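The model shown is predicted, which means the values in this text are computed figures rather than measured ones. We name chains A, B, ... by the order of the sequence lines, and we start the count at 1 in each one. Any value given below was found using the heavy atoms of this structure, including those in side chains, with hydrogens, waters and symmetry copies removed.
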Amino acid sequence: GAGVSQSPRYKVAKRGQDVALRCDPISGHVSLFWYQQALGQGPEFLTYFQNEAQLDKSGLPSDRFFAERPEGSVSTLKIQRTQQEDSAVYLCASSQDPVSNQPQHFGDGTRLSIL
Amino acid sequence: GDSVTQMEGPVTLSEEAFLTINCTYTATGYPSLFWYVQYPGEGLQLLLKATKADDKGSNKGFEATYRKETTSFHLEKGSVQVSDSAVYFCALRGYTGRRALTFGSGTRLQVQP
């Protein structure tokens, strides 16, 4: 498919476990964003990549959150020692390039539930 | 910092009614403004956008005009359908610096037949 793909679609983990969420952006898209969407709220920015460079991680809520995009394509968001407040939908978005005003295209998200 | 405020929902309308969802923003400079829609069980989809003052974005019968003087970007549709039932998010992207979107909290629209 031509859209942004995220996996898994649903993830259930026990408190204290580590989780890894995957994002496959649209082919050729330079910019990649991660957002966190709590129930009934709008998405909130976590981190931004331009190719493989993580240019902005100001939205990551704690040092338990880590993201990478080593080859400038697929990205992984890792959450260590999960806590109940990490339960949310994690959205990935990509856009064509950082300079022009191209819109961000979103994946369907990963719904993370921490028990 | 940048922020977006939307009217709270749910908004419940009958089919063919007129829709307005209010959105106001706070940002420095000249942000770009967006409306995204999230249908049940689906991801966020871009509905329309406007990149400068007085621009009107439009798509699928929805319209929104970028009003810098009132810092607003209200979403309107003349005649809603049941299939328009969804959550609508207003968002902005700052003129400089961070390229991420700042979203409002979303407004749920329920259209009854």
- Message: One thing to verify: whether B:Lys77 and B:Glu63 come together as a salt bridge, which I'm taking to mean a side-chain N less than 4.0 angstrom from a carboxylate O.
- Response: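 Between B:Lys77 and B:Glu63 there is no salt bridge, as every charged N stays at least 4.0 Å from the carboxylate O atoms.
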
- Note on the structure: When the 4.5 angstrom heavy-atom criterion is applied to A:Arg111 and chain B, the contacting part is neither

- Query: Using non-hydrogen atoms only, which part of A:Leu91 is less than 4.5 Å away from chain B: side chain, backbone, both, or neither?
  - Reply: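 For A:Leu91, the side chain is the part near chain B, not the backbone.
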
- Message: I'd like to know if the side chain of A:Asp18 and the backbone of A:Arg81 have a donor-acceptor N/O pair within less than 3.5 Å.
- Response: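 Answer holds: yes.
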
- Item | Pairs of heavy atoms under 4.5 Å with chain B: top-ranked of A:Gln41, A:Gln104, A:Glu44 | A:Gln104

- Proximity breakdown for B:Gln38 and chain A, heavy-atom pairs closer than 4.5 Å: side chain

- Part of B:Leu44 within contact of chain A (heavy atom distance under 4.5 Å):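 Interface part for B:Leu44: both.
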
- Task: Could you tell me whether the side chain of A:Phe106 reaches within less than 4.5 Å of the side chain of A:Ser94, counting heavy atoms only?
- Result: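 Not touching, per the 4.5 Å side-chain cut-off.
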
- Test side chain to side chain donor-acceptor pair (under 3.5 Å), reference A:Tyr90, set A:Gln6, A:Lys11, A:Gln36, A:Gln37, output is A:Gln36

- Task: Step by step, work out the salt bridge (Lys or Arg N to Asp or Glu O under 4.0 Å) result for A:Asp24 and A:Arg22.
- Result: CA-CA 7 Å; A:Asp24 279 272; A:Arg22 177 188 170 101; 2.8 Å; yes

